[in-house]
Chemist: 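Just passing along the structure, written as structure tokens.
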Amino acid sequence: MNDIAAKVEPLFDNETWAVVVTPLEVVNDGATWVAANREMIEGLLVSHPLVLLRDIGVVTDADFTCVRDVLIPHPADYIYRSTPRTAVGERVLTTTEYPATREILLHCENAYQRDWPLRMMFGCIKAPTSGGQTPFAHMPEVTEALAEVLGEEQLNEFEKRGVRYLRNYHEGFDLDWRTVFQSNDPRQIEAYCDANGLEYAWHSDGHLKTSQCCQAIAHHPLTGERLWFNQAHLFHPTALGDEVLEDLLDIFGEEGLPRDARYGDGEPIDPALLASIREVFAEASRQFDWQEGDITLFDNMRAAHARRPFTGERRVLVSMGDMMSGYAEPKKIS
């Protein structure tokens, strides 16, 4: 299988779903080592939704891309964006470029879309001075905990109704439509929306509003697991905190908020339910400190990720692939 033996250990104490893999000899070429050990890595990922590769010789952005080409040979574009990022290579991006003082809550990538990557890869090129961890949560355990906290009936309700994401792309607030859809041409945006089941409307002030109904729960294509898979707890305006939400309501009103999440039929979701969901995620959170050169390969449906605030410089790259699709019948914007 490989010339260089590796040590495989649990990444988190008393947890079996995540492992760290470390070569027993010095490695200078990460892509070569990963290619020689790909069978082992792929096998680990089947039984462990999160695999951390450490000390495999990744130093530069180019090193990350070469490793990515082995582990994700068909990387995906990042269209219909949710967060600001910078492209640094062919389908290689920075992770979300939010202020260092802000925390990003646990979520599964692109779970607010009908199409999402099954496989994700992060690479730490520059570790922060302090903080800046990327916490993870095991989604089978999160789903089980949500069934206990919310009740199975409530989970079934979410699954039946889906989650509707409403977005207003105002200039100067959140992301504008040009960034989100990676195009300056309204006709291209409309074509994308038509092809992907997004309702859309252009307003007189030039801003765009979209609405899309997506899955609340999805079934894993390989394991068959029924998993919580949406971003209602992130998109709902209560995730912003009372002070920020009050300011945005004063500026835009409820229907003009940059982001909102409702049930698929447009009915509001009880904020208390969303608070409970955030608490379940927080309880399930596990983290490690980044070391420069670390690569995390993970199953995006079975492992959620987040970001802690940090000091100093932090450079973590991301690439994604193995696209999956879900579908929920869209409703018209009211």
Side-chain angles (χ1 to χ4, degrees), residues 1-76 88-95 108-109 117-127 133-140 220-223 225 286-305 315-324:
M1 182 174 2
N2 58 291
D3 297 325
I4 305 173
K7 178 171 60 177
V8 180
E9 299 177 299
L11 179 57
F12 307 120
D13 292 339
N14 302 315
E15 303 279 356
T16 61
W17 59 274
V19 292
V20 54
V21 178
T22 310
L24 296 181
E25 296 181 16
V26 174
V27 175
N28 295 313
D29 185 335
T32 298
W33 186 86
V34 167
N37 289 273
R38 183 173 181 179
E39 182 181 348
M40 174 190 67
I41 295 167
E42 295 285 353
L44 287 171
L45 191 62
V46 170
S47 53
H48 303 84
L50 171 60
V51 176
L52 170 62
L53 306 176
R54 177 162 283 170
D55 296 336
I56 64 167
V58 172
V59 178
T60 66
D61 294 4
D63 293 336
F64 173 87
T65 302
C66 290
V67 171
R68 188 282 311 272
D69 289 344
V70 177
L71 296 175
I72 308 179
H74 304 291
V88 298
E90 182 64 29
R91 297 178 178 176
V92 175
L93 303 160
T94 59
T95 51
C108 295
E109 195 69 31
L118 186 61
R119 178 167 294 193
M120 297 284 296
M121 180 175 145
F122 289 152
C124 180
I125 305 301
K126 177 68 175 178
Q133 297 91 350
T134 298
F136 285 88
H138 190 211
M139 287 308 298
H220 196 282
L222 302 179
T223 68
E225 292 166 296
R286 303 291 183 269
Q287 69 182 39
F288 63 93
D289 292 330
W290 281 114
Q291 295 182 20
E292 291 178 6
D294 281 353
I295 295 288
T296 56
L297 185 69
F298 61 98
D299 184 322
N300 184 46
M301 293 185 70
R302 302 181 71 217
H305 63 279
R315 185 171 181 80
V316 178
L317 304 181
V318 60
S319 195
M320 58 191 81
D322 292 0
M323 297 300 292
M324 306 301 303

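Residue numbers count from 1 along this sequence. Basis for what follows: all heavy atoms, side chains included, without hydrogens, waters or symmetry-related copies.
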Chemist: Taking the side chain as every heavy atom from C-beta outward, state whether Met320 and Met121 have any atom pair closer than 4.5 Å.
Modeler: no
Chemist: Is it true that a side-chain atom of Asn300 and a backbone atom of Glu109 form a donor plus acceptor pair closer than 3.5 Å?
Modeler: yes
Chemist: Between Phe136 and Phe122, how do the two ring planes meet: parallel, tilted or perpendicular, split at 30° and 60°?
Modeler: tilted
Chemist: Please report the interatomic distance CG(Asp299) to CE(Met139), rounded to the nearest 0.5 Å.
Modeler: 11.0 Å
Chemist: If every non-hydrogen atom of Ala18 is compared with every non-hydrogen atom of His48, which pair is closest and at what distance?
Modeler: N-CD2, 4.4 Å
Chemist: How long is the gap from CD1 on Ile295 to CG on Asp55, to the nearest 0.5 Å?
Modeler: 11.5 Å
Chemist: Calculate, to the nearest 0.5 Å, the distance between atoms CG and CZ belonging to Leu45 and Phe298 respectively.
Modeler: 10.5 Å
Chemist: Using modelled atom types only, decide if a donor and an acceptor are shared between the side chain of His138 and the backbone of Pro140 within a distance under 3.5 Å.
Modeler: no
Chemist: List the atom of Thr134, the atom of Phe288, and the distance in Å for their closest heavy-atom pair.
Modeler: O-CE2, 4.2 Å
Chemist: Which value, rounded to the nearest 0.5 Å, describes the distance between Thr94 atom OG1 and Ile125 atom CD1?
Modeler: 12.0 Å
Chemist: Where do Ala303 and Cys108 come nearest, in terms of heavy atoms and distance?
Modeler: O-SG, 4.3 Å
Chemist: Name all pairs fulfilling the salt bridge (Lys or Arg N to Asp or Glu O under 4.0 Å) condition that reach into residues 58-71, sequence neighbours left out, sorted by first residue then second.
Modeler: Asp61-Arg315
Chemist: How long is the straight-line distance from CD of Gln287 back to CG of Leu11, given to the nearest 0.5 Å?
Modeler: 10.5 Å
Chemist: If you compare all heavy atoms of Gly123 against all heavy atoms of Phe64, which two are closest, and at what distance to 0.1 Å?
Modeler: N-CE1, 3.3 Å
Chemist: Taking the side chain as everything from C-beta on, heavy atoms only, tell me whether Leu71 gets closer than 4.5 Å to Leu53.
Modeler: yes
Chemist: Got Ile56 and Val34 here, is their nearest side-chain heavy-atom distance under 4.5 Å?
Modeler: yes
Chemist: Between Arg38 (side chain only) and Val70 (backbone N and O only), is there a donor and an acceptor less than 3.5 Å apart?
Modeler: yes
Chemist: Quick one: closest heavy-atom pair of Arg54 and Val20, and the distance?
Modeler: CB-CG2, 4.2 Å
Chemist: Let's go through Val88 and Leu317 carefully: what are the C-alpha distance in whole Å and the side-chain angles of both, what is the deciding distance for side chain to side chain contact (heavy atoms under 4.5 Å, CB included) to 0.1 Å, and is it a yes or a no?
Modeler: CA-CA 8 Å; Val88 298; Leu317 304 181; 3.9 Å; yes
Chemist: Kindly compute the distance separating CZ (Arg302) from CG (Leu50), expressed to the nearest 0.5 Å.
Modeler: 11.0 Å
Chemist: Donor-acceptor pair, Ser319 side chain versus Arg91 backbone, under 3.5 Å?
Modeler: yes
